[in-house]
Structure formats: C-alpha cells, structure tokens
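Following: one structure in structure tokens, then a few remarks.
Here is how names work: the chains are called A, B, and so on, in the same order as the sequence lines, proteins then strands, and each is numbered from 1.
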Amino acid sequence: MNDKQVRVRIAPSPSGNLHVGTARTALFNYLCAKKNGGKYILRIEDTDLERTEQKYIDNIYDSLKAIGLNWDEGPDVGGPYAPYQQSERFDIYKKYAQRLLDEGYAYECFCTQEELDAEKEQAIKERRAYKYSGKCRHLTPEQKEELRKQGKKPVLRFAVPEGHMKFKDLVKGELEFDLGLVGDFVIMKSNGIPTYNFAVVVDDIEMKMTHIIRGEDHISNTPKQIMIYNALGAEVPQFAHVGMILAPDKSKLSKRHGATAVSDFIAQGYLPEAFVNFIALLGWSPSDGEEIKTLDEIAKDFDLSRLSSSNSIFEYDKLKWMNGHYIRHLPIEDITNRAKAYLTDYDLSKYSEKQLQQIIESTREPISLLSEIKDGVSYFFEDELTIDEDVKNDILKTDLGKEVLDAFLKLCDELKFEDVEEIHHQLEAFRGVFKEKGIKPKQTMWIVRGALTGRTRGADIGVIISVLGKDRVVERVKKAMAI
RNA sequence: GCUCCCAUCGUCUAGAGGCCUAGGACACAUCCCUUUCACGGAUGCGGCAGGGGUUCAAAUCCCCUUGGGAGUACCA
C-alpha cells in the first residue's frame with residue numbers, strides 16, 4: 001500500500017435507524033483506521049430529501065457512539081473537509097458536475113420518464129438487458145434550447161465509454177466489468193440534486209478517502225464510480241467489498257426476523273461490547289482464534305486480509321451466548337449500574353450499593369440478556385411474595401416442607417445474617433442434619449429457597465438470606481409455613 | 001432475463017498445494033461439579049455442494065453443473 005494516512009468513512013443514509021449491516025461496515029472502517037493510525041469519518045448521505053428524518057440522524061449518532069465507534073470527523077464534530085452532510089454540499093456537486101459537462105464527460109438528457117419507461121419496456125419485450133439508449137448524447141445546442149423552452153429540465157448523464165473496467169478489490173480480488181453493459185447513468189437529477197454514485201465520489205475525493213470498505217451490494221456501483229474518479233482526474237481509492245449479513249433463512253435481514261437496528265438490540269438488553277464483538281466476527285476472524293475481544297484488541301489484530309468475501313448469517317444463538325458471557329465477566333460495579341436501567345420499577349433504596357451488587361452478582365450467572373435481570377431479582381423487592389403454584393403444592397405444603405421450615409426458623413436465631421460465608425457453613429450443617437435422615441441436600445435447600453423466593457431457581461441462597469435480612473427471612477418462612 | 005459475487009460442520013469461521021485421519025466457537029447430546037437454574041470443566045455428534053481436470057500431492061489452482069446472494073432507478 002502507500003504511505004499516505006489512511007482515511008476511511010462510514011456514510012449512512014438517514015432514512016432509517018442504524019442497521020446492523022451498516023454498523024458492521026462502520027466497525028470495519030473504524031478498525032481499519034485505528035489499526036493504521038488513520039482517520040475514521042462519518043458522513044451523512046441525506047440527498048434523499050423525502051426519506052431523510054432528523055430522528056434517524058440522531059439514531060445513527062447514538063447507535064454509533066453506543067457501540068464505541070466514535071468518529072474523528074463528522075457533521076457534529078467538524079473537520080478539515082466540512083461540511084460532512086451531503087445536503088449542505090449541493091453547490092460542491094454542482095461545481096463538479098459543471099466540470100464534467102464542460103469537459104464532455106457528461107451530457108444533458110431531456111428524456112421524460114415516459115420515454116425511459118418505453119425504452120425499458122421495449123428491452124424487456126426483446127428479452128434484452130435494459131440500458132439507456134443514450135439518445136440525448138448528441139443533442140445539438142439548438143435542440144437543447146428548444147427542449148428547454150418547452151420547460152423541460154434536464155438531468156446530467158455520465159457518458160460511459162466503451163471497453164472494460166478492471167479493478168482490484170482488497171477482498172474479492174480482480175474484478176472485471178463490460179462497460180458495454182452499463183448505460184449512461186444519471187449523476188445530477190433534474191432538481192439539481194446529485195445521485196448517490198456521483199455524490200459519493202465527489203465527497204470521497206474531497207475528503208481524501210484512501211479505502212472504501214463496504215458491503216458487496218456496492219460492487220456493481222464501483223465501475224461507475226471509478227469512471228467518475230477517472231473523469232475527474234482523481235486518484236482511485238482502494239476498494240474492499242465484504243459479504244452481506246443475511247437472516248437465518250438466507251434472505252435479507254428485516255424486521256420480520258427480529259431486530260435490525262442497533263438501538264433495538266441495545267434496548268433488548270444486549271450489551272454494546274458484546275454486540276460489537278459479535279458483529280466483528282461476522283466476516284472477520286481473529287488471527288489467534290480468540291473470539292472474545294475488546295474493541296481495542298480487535299483493532300490491534302485487524303487486517304483487511306482477514307475479511308471474508310462470502311455472506312454470513314446473523315444467528316442469535318451465539319450473540320446471546322456472547323452477551324451472557326459479557327454480563328458475567330464485566331466488572332460487577334459496571335453491570336450493576338447498567339442493570340439499574342431495567343430495575344426502575346423497584347425501590348432500589350431498599351438496599352445498599354454493596355447489597356445491590358451482591359444481588360446482581362448472584363443473579364447474573366444464568367441470564368443472556370441484561371433485561372432478564374428484572375425478573376431475576378424480583379423476589380428481592382416484592383413486599384408480597386408471589387409464590388409459584390408448584391412450589392406451593394410440591395414443596396411447601398409437604399410434610400417435609402413443614403419440617404424443614406420449622407427447623408430453619410429455629411436456625412434463624414443463630415444465623416449470621418451479615419456474613420454470607422458464615423451462612424453457607426451454617427447451612428451446610430443444617431443440610432447435614434436432614435441428610436442423615438435420608439433427605440438430599442438439594443431437597444432441603446429447595447424448601448428454604450421456595451419459602452424465601454417463591455421459586456425453585458434463583459440466586460445463591462446465602463446471598464438471599466443475607467440480603468433479605470433476618471426480619472424478612474423470618475416473615476417469609478412463617479408465611480410459607482402457613483400455606 | 002442480463003451482469004457480478006459467493007460456496008468448509010446446523011451457524012460463525014481457521015485453512016492461502018503436502019503440517020488436514022480438516023482446527024476452534026455457538027448450538028445440540030452425555031458426563032462431572034453443585035444449595036436450584038445456571039456457570040464452569042470433560043467427552044461426543046457434525047462439514048470441504050456435485051462432477052471433471054492440473055499436480056507426485058487439492059478443502060486449497062482451473063473448468064462445468066448446482067445452490068445461494070447482490071445489482072440492474074432522476075434510492076442510497
């Protein structure tokens with residue numbers, strides 16, 4: 001490669017919330033910049049005035065920030081090539097368009113939608129691939145004047161030359177296209193707004209992009225874009241086209257498969273760390289086989305050569321597992337703080353921060369979504385415990401249940417409530433008594449757990465007893481005995 | 001239809017001619033641990049789409065078939 005500073009970009013269109021596919025593209029660009037000490041730029045491609053909405057722009061900012069992909073230059077932070085929002089760059093595109101017009105690389109086309117549709121229909125009838133005829137290519141100045149007088153507004157079309165276009169893609173390898181198959185495409189719409197293919201190139205030139213990393217759905221745009229680079233006498237950046245992210249049924253990922261927006265995943269309880277880690281593995285693989293990595297670690301290890309050229313399917317199973325892994329391994333203070341967002345229905349002031357952490361610590365193990373924490377800790381907060389029917393019938397109402405609870409109630413007088421370790425020891429002795437009578441330790445504890453939580457599963461029993469404290473433990477046991 | 005891209009366990013992938021009786025991760029199964037569910041650990045199940053070449057040697061290179069994906073807009 002060259003020794004220029006690497007400059008890459010993510011250029012989302014604000015016509016929807018930030019999509020996972022876009023997020024992954026952003027991630028790869030970000031990683032490429034970080035790895036090479038380059039710059040990672042955010043550019044908002046809002047030339048589609050109809051579909052652009054401010055809330056989507058906000059969502060893009062928020063989502064990108066949430067997963068840690070902060071940009072070096074962008075609409076909000078500015079930069080040497082501002083503005084970074086296409087709707088504010090219309091005069092720049094006009095200038096470049098005029099240049100292409102003047103130099104004969106582009107021409108005005110006055111064809112109406114009807115004419116174009118007719119051409120298209122004809123092509124279909126002849127079972128021929130459609131391509132614009134180029135009939136406006138050689139309009140005389142007089143003809144154009146006449147058309148203009150009729151009130152027709154022209155579009156600007158790029159005059160596609162004959163021949164073949166070849167370029168080397170960093171992940172796909174050598175790619176070749178027959179330009180005879182691509183028609184003269186529109187670069188400026190009749191309303192004076194540039195089309196995508198034109199605006200990207202102008203911006204990428206102006207913003208000095210060195211690498212274009214994007215989804216392979218852009219492969220067919222690439223020859224068109226390269227032609228524009230060439231016509232403008234600009235250096236062509238390196239391209240790297242990655243496979244797409246597909247839904248489990250191999251179709252395009254859509255809402256019907258669940259969430260598609262990064263913000264949806266986060267709202268569902270996925271941790272940003274886990275989410276980025278997971279999407280990084282979709283199309284990229286670590287050199288050491290170690291899959292659990294922080295963003296920084298991934299950046300250190302990142303290399304375009306390890307990008308995959310095939311599509312990958314977005315499966316929730318692994319994401320969930322990974323999310324659970326992060327929930328279990330991130331510092332407890334951190335997880336506790338984030339968990340609070342899901343516990344707003346509870347009166348958290350009931351417990352000290354330390355106790356809250358104990359609660360979360362012993363509840364975080366089995367969950368894979370942070371949102372599950374709410375249900376997981378409910379019995380710590382309910383004043384009126386809800387007891388599962390089968391816990392009532394199969395556990396608490398039994399003779400053994402009464403016996404165990406009676407004994408446990410007596411034990412409460414000696415229990416060292418403030419010391420979880422000690423509680424465990426005392427419990428061990430407690431279980432031992434029943435074990436001698438042939439009652440399995442797990443059965444004994446099941447009964448105590450049932451009385452205290454109303455469930456058969458939950459946090460560490462020592463923590464439950466300690467955090468609940470003597471008063472509530474005794475109260476709950478008595479209530480359970482009265483069932 | 002036309003053009004382009006892709007093809008290793010169910011899924012994500014390692015593999016850049018011999019290191020491959022194809023490695024890892026998720027999922028699944030069994031076992032162990034255990035105060036529950038889990039977590040963790042161990043073991044197992046499972047794949048080079050098919051067919052031709054090239055080569056002493058092919059998952060790796062070439063061709064064909066099949067399958068999948070993308071593009072084909074005055075959308076990005």
Handout entry: Centroid separation A/Phe239 to A/Phe167 less than 6.0 Å
Key = yes
Practice task
For B/rG40, give its Watson-Crick or G-U wobble partner with both distances under 3.5 Å, or none.
Solution key: B/rC32
Exercise for the section: Hunt down the Watson-Crick or G-U wobble partner of B/rU11, both distances under 3.5 Å, from any strand shown, or write none. Expected result: B/rA25
Problem - Note: A/Lys94-A/Asp91 ion pair, threshold 4.0 Å (strictly below) - result: no
Exercise for the section: Answer with base, sugar-phosphate or nothing: what part of the nucleic acid does A/His424 contact at a heavy-atom distance below 4.0 Å? Expected result: base
Problem - Short side-chain donor-acceptor distance under 3.5 Å, A/Thr195 and A/Asn197 - result: no
Practice task
Could you tell me whether A/Leu175 contacts a base, only the sugar-phosphate backbone, or nothing, with contacts defined as non-hydrogen atoms closer than 4.0 Å?
Solution key: sugar-phosphate
Problem - Distance between P atoms of B/rC31 and B/rA38 (Å, rounded) - result: 13 Å
Practice task
Have a look at A/Thr47 and say if it touches a base, only the backbone sugar-phosphate, or nothing, with a 4.0 Å heavy-atom cut-off.
Solution key: sugar-phosphate
Practice task
For B/rC6 and B/rC48, measure between their C1' atoms and round to the nearest Å.
Solution key: 15 Å
Problem - Partners meeting salt bridge (charged side-chain N to carboxylate O under 4.0 Å, His left out) with A/Lys255 (sequence neighbours left out) - result: none
Practice task
Could you please name the partner base of B/rA70, counting Watson-Crick and G-U wobble pairs only when both distances are under 3.5 Å?
Solution key: B/rU3
Problem - Nucleotide range of RNA chain B lying under 4.0 Å from chain A heavy atoms - result: B/rG1 to B/rA76
Practice task
Would you kindly say whether A/His164 and A/Glu176 are connected by a side-chain donor-acceptor distance under 3.5 Å?
Solution key: yes
Completion exercise
Scanning all shown strands, the Watson-Crick or wobble mate of B/rC56 with both distances under 3.5 Å is B/rG18
Exercise for the section: Look at all strands and tell whether A/Arg306 reaches a base, only sugar-phosphate, or nothing, counting heavy atoms closer than 4.0 Å. Expected result: sugar-phosphate
Practice task
Map A/Lys250 and A/Gln113 onto RNA chain B by nearest heavy atom, then report which one ends up closer to the 5' terminus.
Solution key: A/Lys250
Exercise for the section: Classify the side-chain pair A/Thr112/A/Glu115 by whether it contains a donor and acceptor separated by less than 3.5 Å. Expected result: yes
Completion exercise
Rounded to the nearest 0.5 Å, the OG atom of A/Ser15 sits from the CD atom of A/Glu45 at a distance of 10.5 Å
Exercise for the section: For nucleotides B/rA58 and B/rC2, find the distance between their C1' atoms and express it as a whole number of Å. Expected result: 34 Å
Handout entry: Euclidean distance for C1', B/rC32 against B/rA49 (whole angstrom)
Key = 39 Å
Practice task
Please tell me which of A/Gly283 and A/Leu181 maps to the more 5' nucleotide of RNA chain B, matching each residue to the nucleotide holding its nearest heavy atom.
Solution key: A/Leu181
Practice task
Remember a base hit wins even if backbone is also touched, and classify A/Glu45 as base, sugar-phosphate or nothing at under 4.0 Å, heavy atoms.
Solution key: sugar-phosphate
Practice task
Report which part of the nucleic acid A/Asp178 touches: base, sugar-phosphate, or nothing (heavy-atom distance under 4.0 Å, all strands).
Solution key: nothing
Practice task
For A/Arg328, answer base if it contacts any base atom (sugar-phosphate contacts may also be present), sugar-phosphate if it contacts only those atoms, and nothing otherwise; contact means non-hydrogen atoms under 4.0 Å.
Solution key: sugar-phosphate
Practice task
Select base, sugar-phosphate, or nothing to describe what A/Asn191 touches, counting heavy atoms under 4.0 Å on all strands.
Solution key: nothing
Handout entry: B/rG10 and B/rA22, which share atom name P, separated by this distance in whole Å
Key = 15 Å
Practice task
Between B/rG15 and B/rG23, how far apart are the C1' atoms? Round to whole Å, please.
Solution key: 8 Å
Practice task
Identify whether any heavy atom of A/Arg51 sits under 4.0 Å from a base atom; if not, whether one sits that close to sugar-phosphate; answer base, sugar-phosphate or nothing.
Solution key: base
Exercise for the section: For B/rA7 and B/rC26, measure between their P atoms and round to the nearest Å. Expected result: 25 Å
Fill in the blank from the handout: In short, side chain to side chain donor-acceptor pair (under 3.5 Å) pairs touching residues 423-444 of chain A with sequence neighbours left out are A/Glu403-A/Lys437, A/His424-A/Asp460
Exercise for the section: For A/Thr195, answer base if it contacts any base atom (sugar-phosphate contacts may also be present), sugar-phosphate if it contacts only those atoms, and nothing otherwise; contact means non-hydrogen atoms under 4.0 Å. Expected result: sugar-phosphate
Handout entry: Whole-angstrom distance between B/rC20 and B/rG71, as gauged at atom P
Key = 41 Å
